Amino acid sequence: YGDLATQYKRNGNLEGHLNALRKMGIYWPRAETYSLLALRLQQRGKIDEAAKALDSAHAINPKVEEYVDRKCKMYRAAGRWKDALAVAQYKLDHFPISHHSYVARGLCYEGLGEYKKAVEDFDRGLQDRSDWREIVNRAKCNLILKNYKRVLDDANVLISRNPGHITAIQLKTRAYLGMGKLQEALEKL
């Protein structure tokens with residue numbers, strides 16, 4: 001079935017490719033098979049079936065959190081925030097807690113509009129060398145919550161790393177506007 005899946009893919013028969021991978025999962029149930037099947041299903045927009053394939057991979061290798069991470073990211077990409085939140089919570093409950101786990105849950109809370117919870121998780125998860133996108137997400141949540149001082153702090157961190165960081169400058173400007181500091185906002189613009 002692996003060879004058939006490859007041939008179907010080469011010939012552009014994606015449905016045949018998926019069917020061969022499905023059968024391969026039945027007759028040769030390996031985490032790698034389900035992982036590949038999940039990827040192909042996700043690419044075809046079959047999110048629920050992809051989630052089941054990732055669950056099968058996770059059931060075979062329950063100590064590997066990659067499958068849980070991928071499922072959470074897949075749900076977030078699909079805008080299924082409640083499903084993503086449930087998976088992020090599962091990860092926090094069943095794996096050693098890392099800063100990435102809190103950031104993942106924070107992204108879910110942000111997607112659900114629960115900005116206070118998002119900021120709390122971002123605070124737990126962000127580190128000195130965190131990705132700039134994660135810092136931007138926290139700053140945006142704080143902007144919505146009118147925590148302007150915290151927005152300025154995050155914007156300053158981003159600007160110190162990259163003086164031309166346009167998003168950070170925009171966040172800083174919006175924070176100054178929220179604080180009623182029109183002159184500082186104009187200077188940033």
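Since the structure is predicted, the reported quantities are computational estimates derived from the model, not experimental observations.
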[X] and [Y]: which non-hydrogen atoms are nearest, and at how many Å?
X: Ala57; Y: Ala31; value: CB-O, 3.7 Å
X: Leu171; Y: Ala139; value: CD1-CB, 3.7 Å
X: Cys141; Y: Phe122; value: SG-CE1, 4.1 Å
X: Pro29; Y: Tyr34; value: CB-OH, 3.8 Å
X: Val151; Y: Leu143; value: CG2-N, 3.4 Å

Pairwise distance [atom1]([X]) to [atom2]([Y]) - rounded to 0.5 angstrom:
X: Ile159; Y: Asn162; atom1: CD1; atom2: CG; answer: 9.0 Å
X: Arg30; Y: Thr33; atom1: CZ; atom2: OG1; answer: 6.5 Å
X: Asn142; Y: Arg150; atom1: CG; atom2: CZ; answer: 4.5 Å
X: Asn19; Y: Glu15; atom1: CG; atom2: CD; answer: 5.0 Å
X: Asp69; Y: His58; atom1: CG; atom2: NE2; answer: 10.5 Å
X: Leu158; Y: Ile166; atom1: CG; atom2: CD1; answer: 13.0 Å

Grouping I, L, V, M, F, W and Y whenever their side-chain heavy atoms are under 4.5 Å apart, do [X] and [Y] come out in a common cluster?
X: Val119; Y: Tyr102; answer: no
X: Ile169; Y: Ile135; answer: no
X: Leu92; Y: Val103; answer: no
X: Leu177; Y: Ile144; answer: no

*Provide the full list of side-chain hydrogen bond (donor to acceptor under 3.5 Å, both in side chains) pairs with a residue in residues 163-186, sequence neighbours left out, each pair given once.*
Asn156-Lys172
Will you find, in the side chains of [X] and [Y], an N or O donor that is under 3.5 Å from an N or O acceptor?
X: Asp93; Y: Gln89; value: yes
X: Arg70; Y: Ser35; value: yes
X: His17; Y: Arg40; value: yes

Measure the shortest side-chain to side-chain distance between [X] and [Y] over non-hydrogen atoms and say whether it is less than 4.5 angstrom.
X: Leu152; Y: Met179; result: yes
X: Glu65; Y: Lys91; result: yes
X: Glu134; Y: Asn137; result: no
X: Cys108; Y: Cys72; result: yes
X: Arg44; Y: Glu49; result: no
X: Asp48; Y: Arg80; result: yes

*Considering residues, nucleotides and ligands other than His100, do more than 12 of their heavy atoms fall under 6.0 Å from its NE2?*
no
*asked:* Is it the case that atom NZ in Lys140 sees more than 12 heavy atoms from other parts of the structure closer than 6.0 Å?
replied: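 No, NZ of Lys140 has 12 or fewer neighbouring heavy atoms, counting only those of other groups under 6.0 Å.
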_Going by side chain to side chain donor-acceptor pair (under 3.5 Å), Arg138 matches just one of Asp154, Asp153, Asn147. Which one?_
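Looking at Asp154, Asp153, Asn147, the match for Arg138 under the side chain to side chain donor-acceptor pair (under 3.5 Å) is Asp154.
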_My understanding is that a hydrophobic cluster links ILVMFWY residues whose side chain heavy atoms are under 4.5 Å apart, including indirect links. Using that, what else belongs to the cluster containing Val68?_
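Listed partners: Ile47, Leu54, Val64, Tyr67, Met74, Tyr75, Val87, Tyr90, Phe95.
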*With sequence neighbours left out, write down each residue that passes side-chain contact (heavy atoms from CB on, under 4.5 Å) with Glu114, or none if nothing qualifies.*
Tyr109, Leu112, Lys117
*After noting the C-alpha distance and the side-chain angles of Tyr148 and Lys146, does the key distance pass the side-chain contact (heavy atoms from CB on, under 4.5 Å) rule?*
CA-CA 5 Å; Tyr148 301 121; Lys146 300 181 180 179; 3.3 Å; yes
*Report yes or no: does Asn61 contribute a side-chain atom to a donor-acceptor pair with the main-chain N or O of Lys63 at less than 3.5 Å?*
no
Charged N-O contact under 4.0 Å between [X] and [Y]:
X: Lys71; Y: Asp83; result: no
X: Lys116; Y: Asp121; result: no
X: Glu110; Y: Arg105; result: no

